[in-house]
Amino acid sequence: MIDYAGQFAKDFEQIRNSIQKPNILVLGPTGSGKSTLVNLVFGSRVAESGAGYPVTRGINTYRHQLINLFDSEGYESGQENQSRYRELIFDFIGNRSSMEERIHLVWYCLSLPAARFTDLDAEFLNGFRERKLPAALMLTQVDSSTEENAAEMKAAVISQMPGQEIFETTTDETLKAQLGFVDKIIDWSVEHLPESLHEALLSAVAEGLERKYDAGRKSVMKHAALAATIGAAPIPMADSPALIANQVTMVAHLASIWDLPKLDAMASSGLASTAVSYVGRGLAGNLVKIIPGVGTWLGGTINATVAAAVTTAMGLAVNTLCRNYVQASLEGRKPALESFFNAASLEALVKSYYKKGEF
Ligand SMILES: Nc1nc2c(ncn2[C@@H]2O[C@H](COP(=O)(O)OP(=O)(O)OP(=O)(O)O)[C@@H](O)[C@H]2O)c(=O)[nH]1
Ligand SMILES: [Mg+2]
């Protein structure tokens, strides 16, 4: 008997340990709303996770399992302070050149009610452009200002920095939904990161469900391709250990993409991972029973196509359940994992994906 729960936990850990993390530099004056914006995009866990510590004077590092955030202290007014600040930031960026260490994105925050677009801001944004470093301007606290102000500010920025990406952000719930800026920031960030970093970013963010779903789907397709090569070996059974092991790894991957342990606020992460491992164990072992025909396929053997098909059906089913669960969590319904990840829901979905032949 294979220890699926054990394998799931090991796989999950390995996926997390080998994930490549994006480095995001969050700049802006003190009180401009940097920490608040980070919370809005990543949820409270990221900002809470460990106190930041200064690597360089004035820049605090927050190392999270999925991303690294570099949060600069604000600057005082005055020409000299400003040029010192600019030097500090560009030295910091220039000194981090390896793929792992380098800054991948900049979120440049200005509080809309408090700020004008100054020469220093333009120098910063130009400096990022020269270094080919993607930088978005975040106009924060827009609820405390007016639409006219926002329009004026944006016009002032664009006249100096044509094509500059600008997002308006706020903590006001109604305005937040109206502006849809969290999804927009996630989209922009993904589009400006190397592909190898997409998954970590998408796992870390609190929203962006469509993007997460796509990432899950991509992962399923990779595992389905692997299943096909396993299925191509002589006489593999539908429930062959190699096939099941691949499916457990796939579910662990989906659990990582959807960051399931994080979402169960009430339970320890132990419960969450147990529930997910149940998915791998229960479903993988029962595929033969769930999908009519697979067990009797050529008298118990399957081929590459069927191996890929069952793996795809299972992966898409789990990916969909994950999305439903996360959606319910975001809507504040505090769902129990078991109410989503149970045999009945899984079987129904697996069957329907298998029938659709979506692979
Ligand atoms: N009304 C309103 N207040 C906000 C918004 N964003 C942040 N604030 C408030 O502004 C203050 C500063 O926000 P922070 O997120 O701590 O700002 P910060 O840039 O991280 O500040 P430092 O870490 O000191 O540099 C806090 O009291 C927030 O509650 C917003 O969108 N609307
Ligand atoms: Mg802060």
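In listed order, ligands and their atoms are each counted from 1.
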The Mg ion (ligand 2) to nearest N/O/S of Ser35 below 2.8 Å: yes

Given Leu25, Leu133, Leu193, the one that forms side chain to side chain contact (heavy atoms under 4.5 Å, CB included) with His104: Leu193

Ligand 1 contact on Ser32 by region, counting heavy-atom pairs under 4.0 Å: both

Polar proximity ligand 1 side, Thr169 side, N/O cut 3.5 Å exclusive: no

Ser144: numbered ligand 1 atoms lying under 4.0 Å from its heavy atoms: 1 (N)

Contact check: Val142 vs ligand 1, nitrogen or oxygen atoms, below 3.5 angstrom: no

Polar contact flag for Ser72 and ligand 1 (N/O pairs, less than 3.5 Å): no

Residues Lys154 and Glu147 bridged, charged N to O under 4.0 Å: no

Parallel, tilted or perpendicular: rings of Phe124 and Tyr85 (30°, 60°): perpendicular

Residue and atom name of the nearest protein heavy atom (relative to atom 23 (O) of ligand 1), distance in Å to one decimal: Ser35 OG, 4.0 Å

Polar proximity ligand 1 side, Thr140 side, N/O cut 3.5 Å exclusive: no

Min heavy-atom dist Asp143 to ligand 1 below 4.0 Å: yes

